[in-house]
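Keep in mind that what you see is a predicted model, and the values were worked out from it rather than measured. Only this structure's heavy atoms are used, side chains among them; waters, hydrogens and symmetry mates stay out. All residue numbers refer to positions in the sequence shown, counting from 1.
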Amino acid sequence: MAAAHDSKRFAPSEAREADFGGAALRVYEAGQNLMVRRLELWVAEARGSARIGFALLMAAVIGLSGWFIFVAGVIDGLARDYPRFAVEMSVGALHLGMAGALVAIAQRAAAKLGVRS
């Protein structure tokens with residue numbers, strides 16, 4: 001009588017889950033689905049990163065070319081009143097000074113964050 005009572009307690013779907021092989025197969029399929037979803041998410045993130053990277057690259061190229069044109073104009077403008085070699089050396093020294101200041105600022109920021117350079 002107890003056996004008949006136990007069989008009534010479980011629905012057919014619950015009896016199916018009691019099968020170890022079926023449960024192992026469902027776990028395997030869930031793992032496969034998870035891997036597929038992760039791969040799809042990774043592809044979507046990579047596409048977004050590629051778009052952002054391309055936009056940043058184009059902005060850098062346009063900005064750098066604009067900077068070259070600007071510096072050339074400044075040199076040409078100052079070369080009217082001063083010797084050209086002196087103007088070019090002054091502009092170069094100015095750039096070296098700015099680069100040195102940026103390196104110092106970056107090193108201080110890295111030291112605050114605890115990053116060794």
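Taking the ring pair (Phe, Tyr, Trp, His ring centres under 6.0 Å) definition, one finds that Trp42 meets it with nothing, sequence neighbours left out.
Within the structure, salt bridge (charged side-chain N to carboxylate O under 4.0 Å, His left out) pairs that include any residue of residues 31-47 do not occur (at least two apart or interchain).
Once rounded to the nearest 0.5 Å, the distance linking CD1 of Ile75 with CZ of Phe70 reads 10.5 Å.
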What donor-acceptor contacts under 3.5 angstrom involve side-chain atoms of residues 50-69, with partners at least two apart or in another chain?
from, atom 1, to, atom 2, distance (Å)
Ser65, OG, Val61, O, 3.2
Ser65, OG, Ile62, O, 2.9
Trp67, NE1, His95, NE2, 3.1

In a table with atom names and distances, give each donor-acceptor pair under 3.5 Å that connects a side chain of residues 76-94 to protein atoms at least two apart or in another chain.
from, atom 1, to, atom 2, distance (Å)
Asp76, OD1, Arg84, NH1, 2.9
Asp76, OD1, Arg84, NH2, 3.0
Arg84, NE, Glu88, OE2, 3.2
Ser90, OG, Ala86, O, 2.8

Identify all side-chain donor-acceptor contacts of residues 29-36 below 3.5 Å with residues at least two apart in sequence or on another chain.
from, atom 1, to, atom 2, distance (Å)
Asn33, ND2, Glu29, O, 3.4

